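Report on the following structure.
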Number of protein chains: 2
Amino acid sequence: MNVVNDSPRRQELIRVAAHLFVQEGFDRTTVRMLAQEMGIKSGSLFHHFRDKQAILCAVIEEGTHNALAIAHEALAQCDNDAEMRLHAMARAHLQTLLTDRNAHVVALYEWRRLDGDSRDHLSHLRDAYEQLWQEVIGEALEAGLIRGDKFLVSRFVLGALNWTVRWYDPDGVHSPEALAGELIDMLGAPVKTPA
Amino acid sequence: MNVVNDSPRRQELIRVAAHLFVQEGFDRTTVRMLAQEMGIKSGSLFHHFRDKQAILCAVIEEGTHNALAIAHEALAQCDNDAEMRLHAMARAHLQTLLTDRNAHVVALYEWRRLDGDSRDHLSHLRDAYEQLWQEVIGEALEAGLIRGDKFLVSRFVLGALNWTVRWYDPDGVHSPEALAGELIDMLGAPVKTPA
DNA sequence: CATTTACACTAGCGCTTGCTTGGTTAGCCT
DNA sequence: AGGCTAACCAAGCAAGCGCTAGTGTAAATG
């Protein structure tokens, strides 16, 4: 629930939990499994987290937080060129999926297992990220790089990108950069590499 | 597990189960909840299904089966015009999401809860559907309607379409037809209404 | 030195889970 | 009428669940 808690031990536990949640799903992952994977006994787990839900919340928070940070950083290096910014966002998105894959898969698939409070808290982070996309898409529309309705295009693009966790192989032929380029090329904008 | 089992009672149970699986998730849905919603006692459930997994399998099989049928039917009315066929596929996809929404949401979100055997069985259905998309996308590429790599475009498009279950409101301003048009318009092909 | 803090342990409570068992009922076929 | 079967029920088992209570211990803090 804490917005910031940098205890390195805790972050390690969150990483382990994310991995298990992806492998087994949240509900099938028992506190005993989590504890074993963390190298402690199940009772000790509740020293670090109030309850099982809090672990899920922490995993998703971490992932979304990182995604936002990476996106902001990528945009900051883009002057104000709409096309560069569009590419930067797509690249940033695929890059986070690579580095924080587990957390993002959990966010996508286990969102509904969050209780009301956690969901409210995390909704703000998620909305901020989606709004960032809408801004960039809006700029691209104004610049004539792509066409369509701002909100529809945003959702279509986010859908296409999020779906990649189903099939994308980081060790395969496509780098995240190349993939981002292919996506935007498909939408009508010519491909450009970043500065 | 049966490829065909038309017992009307069973199909009713599958519909009820799909609804509950969407609302609660597969793991949180207990056999007692299922039974109550079906108007029977929990023990009686196992007269209709071998185990809980078999219910999940039946739900997903139904949905995918219907999606394939609708897609084939839509394509059959398209002569051989690549653009019409592309539109037809997109429309068919969104239409199934509307009529069989629960089953498809389950297929998307609870796929990983299937055991090995069920997964093998259902993979064939799913692959057949995805291959249909690849064919239609391939034709559209050859006709110059869209651009990019056949497999990448297929996956991007499927991602965009599947993501709609997260935000699409059937009672909202967009009809499935309109939405399909918007998507394809975004990709570069001009919008056309069907015959 | 005494005290607090962080982290871990053992043991187990109270409850729910998927599923089984053995038996009953109502409708259909001959 | 008699037999068959699909559909259902009551009762409960064995296992597993999240979580708590109480304790131990080593390092940090006064």
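Remember, predicted model here, so these are calculated numbers, not experimental data. Residue numbers start from 1 in every chain, and the chains themselves are labelled A, B, ... in the order their sequence lines are given, proteins ahead of strands. Excluded from the calculations below are hydrogen atoms, water molecules and symmetry mates; all remaining heavy atoms, backbone and side chain alike, are included.
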Along DNA chain D, first and last positions that approach a heavy atom of chain A under 4.0 Å: D:dC17 to D:dT20
Close approaches to DNA chain D from residues 16-27 of chain A, in residue order (heavy atom, under 4.0 Å): none
Determine, stepwise, if the pair B:His93 / B:Tyr129 fulfils ring-ring contact (aromatic ring centres under 6.0 Å, His included). CA-CA 10 Å; B:His93 190 104; B:Tyr129 185 74; 5.7 Å; yes
Any donor and acceptor pair, going by atom type alone, linking the side chain of B:Thr64 with main-chain N or O of B:Ile60 inside 3.5 Å? yes
Determine whether the side chains of A:Glu177 and A:His87 contain a donor N or O and an acceptor N or O closer than 3.5 Å. no
Contact summary for B:Gly63 and B:His104, nearest pair of heavy atoms: O-CE1, 3.4 Å
Verify whether one side chain among B:Ser123 and B:Asp120 offers a donor that lies under 3.5 Å from an acceptor in the other. no
May I ask you to decide if B:Leu68's main-chain N or O and B:His72's side chain share a donor-acceptor pair within less than 3.5 Å? yes
Kindly compute the distance separating NE2 (B:His19) from CZ (B:Arg15), expressed to the nearest 0.5 Å. 9.0 Å
Between C:dT17 (C1') and A:Arg28 (CZ): distance, integer Å: 12 Å
Regarding B:Arg155 and the six-membered ring of B:Trp133, is the cationic atom NZ or CZ under 6.0 Å from the ring centre and inside 45° of its axis? no
Quick check: does any side chain N or O of A:Thr164 sit under 3.5 Å from a backbone N or O of A:Ala160, one acting as donor and the other as acceptor? no
Does B:Lys52 make a cation-pi contact with B:Phe46, if we ask for NZ or CZ under 6.0 Å from the ring centre and within 45° of the axis? no
Of residues 29-47 of chain A, the positions that come close to DNA chain D - non-hydrogen atoms, cut-off under 4.0 Å: A:Thr29, A:Thr30, A:Val31, A:Arg32, A:Ser42, A:Gly43, A:Phe46
